[in-house]
Chemist: 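Structure below; questions to follow.
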Amino acid sequence: MQKLTRLADEKLVAAYASGNNEAFDTLLRRHENRVFNYIFNIVKNKDVADDIFQETFVKAISTIKQGRYTDSGKFSAWITRIAHNLIIDFFRQA
């Protein structure tokens, strides 16, 4: 586990795509506070922020597992974009 925390995000994504679930746990821990705070600062509701946060990482897992993730940019920007799009969807439904 200690070794995983030293890996770059892109290496962790590749490890997760290859079946190492601990790699995604490391990514989640690394980005959870920033992504949740980003969501919460926009929606201003903890329950809604929790739901969008969870859906963000479910979509990330699905995309990585389907082999559709490309590391052409930073993982943090990619995960934030997913959250942002889900926030937009939330406000469209309201």
Chemist: What are the two closest non-hydrogen atoms of Ala17 and Ile64, and how far apart are they?
Modeler: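 Shortest heavy-atom contact: CB-CG2, 3.9 Å.
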Chemist: Would you name the heavy atoms of Asp47 and Asn45 that are closest together and state the gap between them?
Modeler: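 Between these two residues, the closest heavy atoms are N-OD1, 2.9 Å.
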Chemist: Step through the shown structure and confirm whether more than 12 heavy atoms of other residues, nucleotides or ligands are within 6.0 Å of NZ on Lys74.
Modeler: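 For Lys74, atom NZ is not crowded (no more than 12 foreign heavy atoms under 6.0 Å).
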Chemist: Taking all non-hydrogen atoms of both residues, which atom of Ser76 and which atom of Arg34 are closest, and how far apart?
Modeler: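 For Ser76 and Arg34, the tightest heavy-atom pair comes out as CB-NH2, 3.1 Å.
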Chemist: Drop me the distance from Arg29's CZ to Glu22's CD, to the nearest 0.5 angstrom.
Modeler: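 Rounded to the nearest 0.5 Å, the CZ-CD separation comes to 8.5 Å.
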Chemist: If you round to the nearest 0.5 Å, how far is OG1 of Thr63 from CD1 of Ile82?
Modeler: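 Answer for the CD1-OG1 pair, Ile82 versus Thr63, is 5.5 Å.
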Chemist: Rounded at 0.5 Å granularity, tell me how far CD in Glu10 sits from CH2 in Trp78.
Modeler: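 Interatomic distance, Glu10 CD to Trp78 CH2, rounded to 0.5 Å: 11.0 Å.
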Chemist: So, taking the atom named CG in Leu86 and the one named NE2 in His84, what distance separates them when rounded to the nearest 0.5 Å?
Modeler: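 Going from CG on Leu86 over to NE2 on His84, the span is 10.5 Å.
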Chemist: In terms of side-chain geometry, is the basic nitrogen of Asp9 or Arg30 positioned less than 4.0 Å from the acidic oxygen of its partner?
Modeler: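 A salt bridge links Asp9 with Arg30.
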Chemist: Quick one: pull up CG in Leu28 and CG in Leu12 and give me the separation to the nearest 0.5 Å.
Modeler: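 Leu28 atom CG to Leu12 atom CG measures 11.5 Å (nearest 0.5 Å).
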Chemist: Kindly indicate whether the side chain of Phe24, heavy atoms from C-beta on, has any atom under 4.5 Å from the side chain of Asn21.
Modeler: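 Phe24 vs Asn21: side chains apart.
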Chemist: Could you go through residues 49-62 and list every donor-acceptor pair under 3.5 Å that involves a side-chain atom there, pairing it with any protein atom two or more places apart or in another chain?
Modeler:
| unit_1 | atom_1 | unit_2 | atom_2 | d |
| --- | --- | --- | --- | --- |
| Asp50 | OD2 | Lys46 | NZ | 2.9 |
| Thr56 | OG1 | Ile52 | O | 2.7 |
| Ser62 | OG | Gln66 | NE2 | 3.1 |

Chemist: Working to the nearest 0.5 Å, report the span between CZ of Arg68 and OG1 of Thr70.
Modeler: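 Those atoms lie 10.5 Å apart.
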Chemist: Ignoring hydrogens and angles, write down the donor-acceptor pairs under 3.5 Å from the side chains of residues 87-94, residues two or more places apart or on other chains.
Modeler:
none

Chemist: Quick one: list whatever passes side-chain hydrogen bond (donor to acceptor under 3.5 Å, both in side chains) with Tyr16, sequence neighbours left out.
Modeler: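 Tyr16 satisfies side-chain hydrogen bond (donor to acceptor under 3.5 Å, both in side chains) with no other residue.
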